[in-house]
Amino acid sequence: MDRRLSDDENGARDVSQSPTTEPKQDIDTVKPEADEGIVTGPAVPAQASTEQLNALTHRLLGPSLTKSGQEGVSQDNVSQVILDASKGSKFYEREAALAAGLATRVAALQTRKAKLEAQDLRVHLRNADAFLASLESSRDLSRIIVHLDCDAFYAAVAALKDPTLKGIPFAVGGSVLSTCSYEARKFGVRSAMPAFVARKLCPELKLVDQDFPSYIAKAGEIRAILQTYDPNFQPAGLDESYLDLTAYCQDNDISASDAVSKLRTEVREKCGITISAGIAATAPLAKIAGNVNKPDGQFEIPSTREAVMAYMADLSVRKVAGIGRVLQCELDAVGIRVCADIYPQRALLVPLFGDKTAKFLLTSYLGIGRTRIAPSDGRDRKSVGTEGTFADLAGAQALRTKLRQTAEALEEDMKQAGVKGRTVVLKVKLHTFEVLTRQVGTHIPVWTKDDIYRISLPMLERLEKEIPGLKIRLLGLRCTHLVEAKLSVDKNFFGAAKAPNTEERFCVCQDDQILAPAVPPPERASAHRAEGSRSGVPVDEDGWEIWPEAEFEAAAEQERKEEFEELLKLSQELEERHDQDNGAKAPLESSRSTSPADDVESWACPICNRPQPADERALNEHIDLCLSRETIREVVRSVPENKAPAKLEKPTLPSKQVPRKRARPRGGGSISKSNHEQSNAKRRAFFS
DNA sequence: GGGCAACGTTGTT
DNA sequence: TTCCAAACAACGTTGCCC
Ligand SMILES: Cc1cn([C@H]2C[C@H](O)[C@@H](COP(=O)(O)OP(=O)(O)OP(=O)(O)O)O2)c(=O)[nH]c1=O
């Protein structure tokens with residue numbers, strides 16, 4: 001995720017020790033503070049600038065330094081083990097290259113800062129102060145926001161299933177660890193660490209596989225409890241949630257910390273999972289607070305302006321969600337290490353980091369953030385994808401086989417999610433660890449393995465052309481610009497509000513009928529409407545027929561079939577016209593039955609004038625389809641019978657979406673100076 | 001200059 | 001010897017169209 005729209009930003013450090021602190025667990029402290037701050041690496045090869053080395057060390061060690069459970073670990077030793085294990089590998093080389101790029105950018109930042117400081121910054125200063133003032137005036141300290149985070153979630157679930165894991169150092173994952181038990185953390189083991197490094201740190205480390213069904217089930221149990229505290233709570237991933245306990249505390253005449261304490265006890269007793277909690281006036285603050293007494297603890301940041309500001313002041317910027325390794329490095333270069341450092345630099349933030357980041361930083365400095373907690377409606381998924389790592393792979397045939405397998409896997413995921421995509425993205429990681437992506441718009445939403453394969457093959461071919469001897473270690477496919485495929489069954493779709501549980505929407509669907517993505521709505525609406533009218537369907541005040549659920553569904557199904565057939569015909573026609581082109585010619589889509597709509601109200605489509613489910617999103621999707629149908633027809637009409645375009649993506653074609661050629665040089669990632677200047681010019685344009 | 005598509009990056013879990 | 005993940009969101013930049 002990225003910082004600006006992220007739900008979380010502000011942060012602070014454990015200054016004001018609140019009385020809400022719970023008994024902390026184990027982990028005796030030897031070196032209380034190996035955390036935060038930029039790491040300046042120990043023994044690394046020479047001959048690079050120290051800037052670069054620090055950047056590289058920081059990259060390699062990065063994640064291990066921000067996690068909890070590391071307090072009793074000798075960081076120097078851990079760092080040395082990690083660096084030793086890394087040296088000489090392709091992975092290391094790639095990291096070094098990236099670090100070099102970062103070092104260059106950091107140097108440019110510093111130069112730029114020096115230049116700026118010689119200029120008149122009064123306008124920037126005024127803008128920053130105005131922004132701060134407006135933020136301050138909107139500060140809301142009235143809510144009781146709680147962030148909950150299960151401790152070592154995957155590991156905790158694993159230990160519940162297999163009690164022999166209890167109390168021993170073990171980790172969840174394969175070649176890379178997803179997480180590990182707190183016992184393992186004492187050795188310096190942590191999330192995102194390669195397993196072979198973890199084994200060096202902790203030879204007795206036991207490894208267990210991931211088990212998502214169990215995680216999902218356990219998350220469901222926990223959420224059932226959370227719901228009783230705040231029916232409007234917001235899950236954020238499987239193991240995290242935000243709650244607004246303002247009402248609960250009022251209704252039950254209980255303090256925030258007591259309520260949270262009670263909640264945590266309930267979850268522990270009923271679900272066997274310990275959770276940590278943060279209590280504060282905003283979501284970002286609550287999240288930060290939650291990390292203070294992890295594991296199995298809670299912490300409250302008092303809701304006064306003074307307490308919040310004080311807490312933020314000493315907090316490493318790295319603790320703020322949205323500030324990662326790179327931004328931390330850049331901020332460090334301009335003298336910003338803790339949140340209090342942001343203020344003196346406020347006039348420089350926009351010119352140095354851009355409008356969005358500047359605002360984000362100022363907001364964090366004040367400890368201001370989101371106070372409204374609400375579940376997402378489950379329809380906001382932006383992409384569905386799958387990818388896999390394997391031993392270096394090369395050769396046309398092998399790559400195609402892998403591509404096909406990936407397309408098959410993606411079809412499964414698309415079915416699960418009940419969506420189609422209008423853009424397909426191919427991702428490849430070279431044997432050097434360099435990552436490349438290629439993407440194309442498809443206009444007609446796709447989801448079948450055959451369509452996905454056909455669309456992605458040309459992208460692979462392109463890569464093969466661009467990179468002779470293409471050798472990869474990862475291949476992935478992802479669909480974006482999603483369109484809802486299942487026409488409901490899930491009451492949520494047409495608005496009949498259901499329990500706000502996102503998980504259900506993606507997991508409960510087993511029935512093929514439910515999963516079967518809908519085929520686009522029909523062209524000649526007349527068909528079913530006329531039929532319906534004749535068969536005496538009642539009509540509402542606007543003249544639209546009111547259909548009983550079942551009939552509506554049947555009619556919708558029929559419409560979709562007709563529509564699909566027409567689309568198929570059109571696309572086949574096109575296909576034939578530019579014959580050859582070898583390749584797998586799978587049918588566009590095999591007609592599958594779709595679950596019917598269970599809605600009776602309907603709106604008219606402005607294009608085809610046919611009734612559509614009374615749902616804004618559904619209607620918009622329908623309109624898109626209507627428009628795309630028109631476009632296809634236009635293309636078909638405009639292409640001379642025997643002179644087809646040299647190469648048209650089959651289902652992809654509308655003039656507007658014909659891919660634009662843009663041979664982009666693939667540079668090592670560093671930004672040229674002129675680019676930098678330009679971007680700054682753009683950045684300055686914003687603020688105000 | 002806006003809008004949009006493509007691509008690379010950063011960040012989070 | 002083996003030898004650094006997967007899934008997702010958001011943003012900045014670039015190039016092109018209108
Ligand atoms: C950080 C991280 C987490 N995960 C998974 C495994 C975690 O159990 C789950 C939740 O992540 P986190 O809540 O970040 O971490 P955690 O619950 O394992 O441990 P703790 O909060 O006590 O420090 O997400 C990954 O798969 N990859 C990652 O890089």
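Computed from a predicted model, the values in this text were never measured in an experiment. Lettering of chains follows the sequences in order, A, B, ..., and the numbering in each one begins at 1.
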Any A/Arg199 side-chain nitrogen or oxygen under 4.0 Å from OP1 or OP2 of C/dC4:
no
Discussion item. OP1 or OP2 of C/dA7 versus the side-chain N and O atoms of A/Arg478: is any pair under 4.0 Å?
Written reply: no
Regarding the side chain of A/Asp239, the nearest nucleotide among C/dC4, B/dT9, B/dT13 is B/dT13
*So, A/Thr389 and A/Arg473: side-chain donor and acceptor under 3.5 Å apart, yes or no?*
no
- [ ] Just call it for A/Thr386: base, sugar-phosphate, or nothing, with non-hydrogen atoms closer than 4.0 Å on any strand.
- [x] sugar-phosphate
Think A/Lys429 has a side-chain N or O under 4.0 angstrom from the OP1 or OP2 of C/dA6?
no
> Given C/dA5, is OP1 or OP2 found less than 4.0 Å from the side-chain N or O atoms of A/Arg473?
Replying inline: yes
With a 4.0 Å cut-off on heavy atoms, is A/Val384 in touch with a base, just the backbone sugar-phosphate, or nothing at all? sugar-phosphate
How is A/Gly388 classified with respect to the nucleic acid when contacts are heavy atoms under 4.0 Å: base, sugar-phosphate, or nothing?
sugar-phosphate
A/Lys382 has its side chain closest, among C/dA9, C/dA5, B/dT9, to C/dA9
- Query: Does a side-chain N or O from A/Arg438 land closer than 4.0 Å to OP1 or OP2 of B/dG8, or not?
  - Reply: yes
*asked:* Applying a 4.0 Å non-hydrogen cut-off, can you work out what A/Gln210 is touching in the nucleic acid: base, sugar-phosphate, or nothing?
replied: nothing
| message | Categorize A/Gly385 for me: base, sugar-phosphate, or nothing, with a 4.0 angstrom heavy-atom threshold over every strand shown. | response | sugar-phosphate
* To do: Kindly say whether the aromatic ring centers of A/Phe170 and A/Tyr182 come within a distance under 6.0 Å.
  => no
Using OP1 and OP2 only, check whether a side-chain N or O of A/Ser175 sits under 4.0 Å from C/dC4. no
Residues pairing under ring pair (Phe, Tyr, Trp, His ring centres under 6.0 Å) where one sits in residues 407-428 of chain A, two or more places apart or in two chains, turn out to be none
From the candidates C/dA5, B/dG8, B/dT12, the one with an atom nearest any side-chain atom of A/Ala192 is C/dA5
Taken to the nearest whole Å, CZ/A/Phe153 to C1'/C/dA6 is 17 Å
Whole-Å distance, A/Leu205 CG to C/dC3 P, equals 17 Å
A/Phe91 atom CZ is separated from C/dT2 atom C1', nearest whole Å, by 17 Å
Can you tell me, in whole Å, how much space there is between the P of B/dT13 and that of C/dC4?
24 Å
Which of C/dA5, C/dC4, B/dT9 is nearest the side chain of A/Pro194? It is C/dC4
By side-chain hydrogen bond (donor to acceptor under 3.5 Å, both in side chains), A/Glu408 pairs with (sequence neighbours left out) none
Testing B/dT12, C/dA7, B/dT10 for proximity to the side chain of A/Glu387, the answer is C/dA7
Would you tell me if any nitrogen or oxygen in the side chain of A/Thr389 comes within less than 4.0 Å of OP1 or OP2 on C/dA6?
-> yes
Check this one for me: any side-chain N or O of A/Arg422 less than 4.0 Å away from OP1 or OP2 of B/dA5? no
note: A/Lys356, atom NZ; C/dA9, atom C1'; distance rounded to Å ~ 13 Å
> When you look at NZ of A/Lys206, are more than 12 heavy atoms from neighbouring residues, nucleotides or ligands closer to it than 6.0 Å?
Replying inline: no
note: A/Phe433, atom CZ; C/dA5, atom P; distance rounded to Å ~ 6 Å
Rounded to whole Å, the CZ-C1' distance (A/Phe212 to C/dC8) equals 12 Å
* To do: Examine A/Arg370 relative to A/Tyr242 and say whether NZ or CZ is less than 6.0 Å from the centre of the six-membered ring and inside a 45° cone about the ring axis.
  => yes
- prompt: Can you find a pair of side-chain heavy atoms, one from A/Leu474 and one from A/Phe433, that are under 4.5 Å apart?
  reply: no
Whole-Å distance, A/Leu474 CG to C/dA6 C1', equals 9 Å
A/Asp149 atom CG is separated from B/dT12 atom C1', nearest whole Å, by 12 Å
Check whether any side-chain nitrogen or oxygen of A/Ser383 sits under 4.0 Å from OP1 or OP2 of C/dA7, and answer yes or no.
no
